[in-house]
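Worksheet: one structure, shown below.
Note that these values count all heavy atoms, side chains included, but never hydrogens, waters or copies made by symmetry. To find a chain, count down the sequence lines: A is the first, B the second, and so on, and within it residues start at 1.
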2 protein chains.
Amino acid sequence: MTAAVETARGTRRTPADKYDERRTQLAISALETLGELGYARTSLREIANNSEFSHGVVHYYFADKFELITHCVRHYKSQCVTRYDGLVAESRTAEELLARFADKLVETMTTEAPVHRLWYDLRTQSMFEEQFRPDVLLIDATLQEMIGRVVTTYAELAGRPLTMDVATIYALLDGVFEKGLLAHLVGDRGASSDLRARVSDLLPRLLG
Amino acid sequence: MTAAVETARGTRRTPADKYDERRTQLAISALETLGELGYARTSLREIANNSEFSHGVVHYYFADKFELITHCVRHYKSQCVTRYDGLVAESRTAEELLARFADKLVETMTTEAPVHRLWYDLRTQSMFEEQFRPDVLLIDATLQEMIGRVVTTYAELAGRPLTMDVATIYALLDGVFEKGLLAHLVGDRGASSDLRARVSDLLPRLLG
DNA sequence: CCCGCTGCTTGACGCCCGTCAAGCATTGCT
DNA sequence: AGCAATGCTTGACGGGCGTCAAGCAGCGGG
């Protein structure tokens, strides 16, 4: 089984690697299509059309549509976990962290709007379909932890304690971000500055 | 045209009334089905199955699927605008208003979960599909005004000014409610008490 | 009493979906 | 060089969808 074909002595290019690579490649194509059309209107044929493969290949790498989408959201998660870790590690003052965090939120809202609306789409789907819940809840918890690292570092730099639990803070920021994203997508020019202002106003209020 | 059949002298039971009545009746059936299955999985046949009519009747009262769904969301809006007006008018102290508001949020989250997840579903659909945006934005503005009436009254009763604009407050509460709804739907027993606690904690912070 | 209109059902259409089997092309091993 | 396994394409399937046309039932007006 698993006839490894290591070219030299190193562990290079096993068939399993190729396989996983194609799965990820298809998952990326799928994420792009899903981000463009949304879950309801995305078909496997459309995903394949937006890739360099034909529609039948999906069933070579995935058992069914659900396994593909699951693989997609896991890939998405692996990308977004570390999105704010850089500015958390680098910022030296609370004010700097807050400014950079707000800027990053605005940037990701504008430049990665499709993937964010997809996230909200899938999270809402999980309210209807049980199948999605494990992955959605895991990603939601991961995002919450990410936000948690930002705000606890912010509090430490400010030398003052947080007066709210991280889960609630995440809910507040999520509401602000979702409102901003919708405004941005419907063409509201003030969406970016509104988001920045709201985040900049909100975080200082959370300190004791 | 429009041969009115007023029975007595009053304006009673014109054919147009019957027509609108059926439209609303179908819209209610549609809302129930949509709340159960979500937008992506709801078909016109399924809607008709959950009503007392057959699948063809939809096209007698609505031009197409989109017109039906539009009629649905408008009916939904007309129901929810006044949801909190009672407690706004009746509450005599800020504390009473806050407690009743939090209770009402919890109650509506638990007893009307399907229609709320449908609202989040449609709002997310509007991020992808332009057709939905006018109605979604109008409902969102209506909900925001409703929340605005609650919090401004709350501030007046407390004798202290609001230190945040209504749009931002709506975003915060929406984030808290959406998180609560998801938790409730996945079976989290603490969802209700969490929502109540978060709202009870949040509103006092918004006063100067 | 019968006719015609309104309200609803039934059935059919073309389309697109997820899925899968069969076959072709390419690669890599012996 | 020849063969077998791998990787991908093609085409077909059953089914569900939105839509719509034709037809039936029941009621009200002449």
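Using a 4.0 Å heavy-atom distance criterion, Y60(A) is classed as a base contact.
The separation between N49(A) atom CG and dC16(C) atom C1' is 13 Å, rounded to whole Å. What separates NE2 of H59(A) from C1' of dT9(D) is a distance of 14 Å, to the nearest Å. Between E52(A) atom CD and dT9(D) atom C1' there is a gap of 14 Å when expressed in whole angstrom units. Straight-line distance from the OH atom of Y19(A) to the P atom of dC8(D): 11 Å, rounded to whole Å. dG7(C) atom P lies 13 Å from atom CG of L26(B), rounded to whole Å. As rounded to whole Å, 12 Å separates atom P of dT19(D) from atom CZ of F66(B).
T24(B) and H75(B) are not linked by any side-chain donor-acceptor pair at a separation below 3.5 angstrom, with hydrogens and angles left out of the test. Side-chain contact of T168(B) with D165(B): a donor-acceptor pair under 3.5 Å is present, judged by distance alone. With 3.5 Å as the limit, one finds no donor-acceptor pair spanning the side chains of D140(B) and Q144(B).
Under the salt bridge (Lys or Arg N to Asp or Glu O under 4.0 Å) criterion, R45(A) pairs with no residue, sequence neighbours left out.
By the 6.0 Å contact criterion, CD on E130(A) is open, its count of non-hydrogen atoms from other residues, nucleotides or ligands being 12 or less.
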Heavy-atom protein contacts under 4.0 Å, nucleotides 10-17 of chain D, coded B base, S sugar-phosphate only, - none: BBB----B
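A salt bridge is defined here as a Lys NZ or Arg NE, NH1 or NH2 lying under 4.0 Å from an Asp or Glu carboxylate O, and E107(A) with R83(A) fails to meet this definition.
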